[in-house]
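Structure first, then comments.
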Amino acid sequence: MTRKILVTSALPYANGPIHIGHLVEYIQTDIWVRFQKMRGNRCIYICADDTHGTAIMIRARKEGRSEEELIGDMSEAHQRDFSGFGIQFDHYGSTNSNANREICSEFWQSLRQADLITERSIEQLYDPEAETFLADRFVRGTCPTCGRTDQAGDNCTCGATYNPTDLIDPKSTLSGATPILRESNHLFVQLEKLHAFLDNWVETSGALQIEVANYLKGHFLAEELRDWDISRPAPYFGFEIPDSPGNYWYVWFDAPIGYIASTREWCESNGEQLADWWRDPDCEIHHFIGKDITYFHTLFWPGMLNTANYNMPTKVHIHGFLNVDGKKMSKRDGTLVAAETYLKYANPSYLRYFYATKLTSRVEDLDLGIDEFTEKVNSDLVGKVVNLASRVGKFANKTGLSETYPDDGGLFTAGALAGDEIAEAYESGEYAKAMRKIMELADAANPFVEHAKPWEMKKDEQRTDELRDTCTVALNLFRQLAVYLSPVLPELAMKCGELLGEEITSWDQSKSPLVGRPVSKFQRMMDRVQPEDLKKMIEESKELAAEDAATDNQPTFNDSDQPLKDEPLAEEITIDDFAKVDLRVARVVSAEQVPEANKLLKLTLSLGGEERRQVFAGIKAAYEPEKLVGRLVVMVANLKPRKMRFGLSEGMVTAAGPGGAEVFILSVDEGAQPGQRVH
RNA sequence: GGGGCUGUAGCUCAGUUGGUUAGAGCUGGGGACUCAUAAUCCCUAGGUCGCGGGUUCAAGUCCUGCCAGCCCUACCA
């Protein structure tokens with residue numbers, strides 16, 4: 001029976017590049033999807049960039065561009081990385097789409113109608129300079145318990161936990177400003193009203209791994225579920241809540257809805273109906289996620305889906321984190337390798353296979369040992385699998401495949417029989433088991449060639465038929481392996497298809513051997529891993545991390561683009577044009593009010609020695625005359641003197657600002673002498 | 001503090017509903033071969049199944065205590 005299956009991976013956040021840790025999930029999912037497609041099921045793989053939230057807003061500001069521009073570039077980069085690893089989405093959308101806005105509204109209405117939304121005021125730290133509310137991670141200060149400085153907003157290295165409002169001398173990490181406490185209205189989902197439903201779903205749906213269900217039951221469902229704060233006040237990059245102006249949906253509200261929105265976009269361009277996928281009980285929904293976002297996908301999301309009358313997830317496949325050489329990935333060690341960096345030094349197939357040998361259906365962290373990685377790929381893939389084709393490739397090109405499949409001692413049949421068990425392993429997410437089974441078959445195949453001794457046959461023309469038979473067996477066993485491995489190694493399957501003249505598209509191709517056809521010229525299918533390359537990869541990652549760190553340490557500025565808009569840049573000039581303006585350092589030797597003038601102060605500027613200039617400056621509203629006396633300013637010294645109502649003005653003091661009280665005189669750093677020219 | 005998971009050969013892991021001498025791959029040692037990317041093949045070494053109790057005719061496999069490691073503890077679940 002053909003199943004209809006919709007598969008998603010977690011939406012990558014548009015705040016950074018894809019790294020090998022992320023890839024655990026996308027590779028895991030892609031393998032599952034490819035497997036389902038090979039089995040003849042209707043399966044679509046949906047994903048999107050997660051684009052909203054404070055972090056994106058801040059980053060865009062930092063980079064001095066719009067959020068849309070930022071997320072556009074990021075989405076492109078993400079898709080390039082995914083594609084580099086052979087991850088094939090049926091549709092890749094964005095949470096910042098019209099479709100998503102509409103479906104969010106629909107969910108929102110359902111939540112309102114179900115009377116699940118409540119509103120109340122909460123106090124939160126606010127950064128008056130960056131003009132935004134601060135999530136805990138954007139506040140640092142001194143721990144109220146132990147007195148350590150520079151601690152995070154919610155906990156200290158001493159183990160104490162507290163509210164960011166308890167911090168001593170808190171500072172915003174965005175601007176360095178001291179945050180103030182500000183009250184705002186937030187909207188909440190009263191999750192407790194769905195408690196009974198969630199209890200039942202967690203217990204009986206079978207959608208969750210046992211350890212996850214236990215965790216939820218023991219941890220969240222054992223007590224009253226807290227209200228979920230689902231809104232953020234402006235400024236926020238996201239969707240404004242239609243019936244609550246000035247409030248935006250929290251990024252975790254619209255992100256999972258992005259699964260549906262992205263599906264809708266796919267439907268629209270493929271003549272499909274959204275309801276056939278998200279509201280048809282016969283359609284399976286499979287989410288692949290990391291353990292860090294379990295909570296959202298197993299409590300809020302089911303609650304929302306149920307309320308809005310969409311399909312519940314058939315299964316939430318939760319995986320652990322990636323360690324490298326037994327340790328957490330770290331930028332400093334160069335083990336947090338960006339997808340892009342990896343691709344420069346190593347074949348993506350290696351990583352796909354390695355992860356496959358490590359993945360189980362449980363929520364376990366998996367370790368990428370660099371040596372183990374090298375050994376496994378070289379020994380399993382190159383030494384066993386590819387070698388099988390490689391060692392008979394040349395002969396086979398001359399002989400072609402036999403008309404009937406020869407006696408191979410039952411190897412092919414045994415391999416075909418193992419197919420069910422391997423398929424079952426893929427289906428249940430036990431890729432490690434599947435890989436083990438496949439390698440058992442590979443282990444049995446090489447001795448066959450060894451014992452047949454094709455290299456002796458080739459020397460004797462009388463034995464051409466025997467040689468052909470041996471090649472036929474070896475290549476069919478190889479092809480069987482390629483079929484079984486094709487969800488993991490699509491590229492290898494493709495090359496196998498080219499060699500034997502029949503594309504690998506279906507699992508059942510593992511059941512019947514190919515006979516009576518020519519064999520193409522053999523071409524090398526996969527290179528061995530070079531340990532030096534991996535070293536270089538780590539080194540480059542370290543360097544990149546160092547560069548990033550340098551950038552990250554720069555303070556964040558939140559400069560408005562208004563001044564430039566008010567007064568656009570002037571026409572380009574040459575250095576000669578600029579040289580015409582003689583700017584000089586000058587000291588204010590006297591400053592006095594001009595009684596009849598509204599805006600002017602009368603200044604006497606010294607250019608050193610006896611040189612004096614009288615200048616009328618329009619800075620009355622901004623400066624008190626007494627405070628100007630003695631200070632150094634920059635003046636335009638060769639400006640044609642101008643007669644004014646109160647006397648002759650023999651120059652101009654340089655200052656910025658629109659005028660009125662908003663005038664800022666240029667100062668000169670310590671050490672400058674009156675009369676020095678500004679170059 | 002609480003909760004979860006893990007602990008089997010040097011390394012990565014299998015061990016089905018408890019049943020005769022605990023398995024594989026890699027690594028190590030010895031040999032063979034040369035078709036193949038120093039790939040492959042044959043032989044071989046290596047484990048008191050974390051430790052201590054218990055149930056049983058029988059336990060790596062069930063129960064219990066302890067030890068070690070990892071993860072989580074609500075707004076990054």
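Protein chains get the first letters and strands the later ones, always in sequence-line order, with residue 1 at the start of each.
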When we call it a touch if two heavy atoms are under 4.0 Å apart, what does [X] touch: a base, just sugar-phosphate, or nothing?
X         : answer
Glu223(A) : base
Val382(A) : base
Phe321(A) : nothing
Asp292(A) : base
Lys437(A) : nothing
Phe395(A) : sugar-phosphate
His451(A) : sugar-phosphate

**OP:** Decide side-chain contact (heavy atoms from CB on, under 4.5 Å) for Tyr426(A) and Ile31(A); before the verdict, give the C-alpha distance in whole Å, the side-chain angles of both, and the deciding distance to 0.1 Å.
**Re:** CA-CA 8 Å; Tyr426(A) 271 120; Ile31(A) 289 172; 3.7 Å; yes
Which value, in whole Å, describes the distance between the [atom1] atoms of nucleotides [N] and [M]?
N      : M      : atom1 : answer
U44(B) : A24(B) : C1'   : 16 Å
A22(B) : G18(B) : C1'   : 14 Å
G31(B) : C5(B)  : C1'   : 45 Å
G52(B) : U61(B) : P     : 13 Å
C35(B) : G30(B) : C1'   : 24 Å
U73(B) : U16(B) : P     : 32 Å
G10(B) : U48(B) : P     : 8 Å
G47(B) : G4(B)  : P     : 36 Å

Calculate the interatomic distance between [X] atom [atom1] and [N] atom [atom2]; express it in whole Å.
X         : N      : atom1 : atom2 : result
Glu440(A) : G23(B) : CD    : P     : 14 Å
Arg362(A) : U6(B)  : CZ    : P     : 5 Å
Leu477(A) : A36(B) : CG    : C1'   : 16 Å
Lys376(A) : C11(B) : NZ    : P     : 14 Å
Phe448(A) : C41(B) : CZ    : C1'   : 14 Å
Asp443(A) : A24(B) : CG    : C1'   : 8 Å
Glu450(A) : C33(B) : CD    : C1'   : 6 Å
Ile438(A) : G25(B) : CD1   : P     : 17 Å

Original post:
Any donor-acceptor pair under 3.5 Å linking the side chain of Asp229(A) with the backbone of Phe188(A)?
Top reply: no
Original post:
Under 3.5 Å, is there a donor-acceptor pair between the side chain of Ser390(A) and the main chain of Val386(A)?
Top reply: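 Absent.
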Does the structure show a Watson-Crick or G-U wobble partner for [N], both distances under 3.5 Å? Name it, or say none.
N      : value
C41(B) : G31(B)
A74(B) : none
C26(B) : G10(B)
U21(B) : none
C5(B)  : G69(B)

Original post:
Mapping Met525(A) and Arg436(A) onto RNA chain B by nearest heavy atom, which one lands closer to the 5' end?
Top reply: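 The residue mapped nearer the 5' terminus is Arg436(A).
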Original post:
Relative to the 5' end of RNA chain B, which residue comes earlier, Leu225(A) or Met526(A), by the nucleotide with the nearest heavy atom?
Top reply: Met526(A)
Listed nucleotide nearest any side-chain atom of [X], set [options]:
X         : options                : answer
Glu364(A) : C35(B), U6(B), C75(B)  : U6(B)
Ser390(A) : U34(B), U37(B), C75(B) : U37(B)
Lys458(A) : C35(B), C13(B), U37(B) : C35(B)
Asn387(A) : U37(B), C76(B), A39(B) : A39(B)
Glu211(A) : A74(B), A36(B), G4(B)  : G4(B)
Asp365(A) : C70(B), U12(B), U37(B) : C70(B)
His219(A) : G2(B), C41(B), C35(B)  : G2(B)
Asp380(A) : A39(B), A74(B), G25(B) : G25(B)
Val386(A) : A36(B), U37(B), C35(B) : U37(B)

Give a yes/no answer on whether the side chain of [X] brings an N or O atom under 4.0 Å of OP1 or OP2 in [N].
X         : N      : answer
Lys358(A) : C13(B) : yes
Arg528(A) : A39(B) : yes
Lys394(A) : C35(B) : no

**OP:** Tell me whether the centres of the aromatic rings in Phe288(A) and His297(A) are closer together than 6.0 Å.
**Re:**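 Between Phe288(A) and His297(A), the centre distance exceeds or equals 6.0 Å.
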Subject >> Pair Tyr295(A) and Phe220(A), ring centroids less than 6.0 Å apart >> reply: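 Ring-ring flag for Tyr295(A)/Phe220(A): true, centres closer than 6.0 Å.
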**OP:** Take Arg436(A) and Glu430(A), measure what salt bridge (Lys or Arg N to Asp or Glu O under 4.0 Å) needs, and give me the verdict at the end.
**Re:** CA-CA 10 Å; Arg436(A) 232 175 17 247; Glu430(A) 294 285 353; over 6 Å; no
Original post:
Step by step, would you call His317(A) with His286(A) a side-chain contact (heavy atoms from CB on, under 4.5 Å)?
Top reply: CA-CA 7 Å; His317(A) 307 250; His286(A) 292 258; 2.8 Å; yes
Original post:
With a cut-off of 6.0 Å (strictly less than), are more than 12 heavy atoms of other residues, nucleotides or ligands near CD of Gln523(A)?
Top reply: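 Atom CD in Gln523(A) is not crowded, with 12 or fewer foreign heavy atoms closer than 6.0 Å.
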Original post:
Taking atom NZ of Lys291(A) as the centre, does the number of heavy atoms from other residues, nucleotides or ligands within less than 6.0 Å exceed 12?
Top reply: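 Atom NZ in Lys291(A) is crowded, with more than 12 foreign heavy atoms closer than 6.0 Å.
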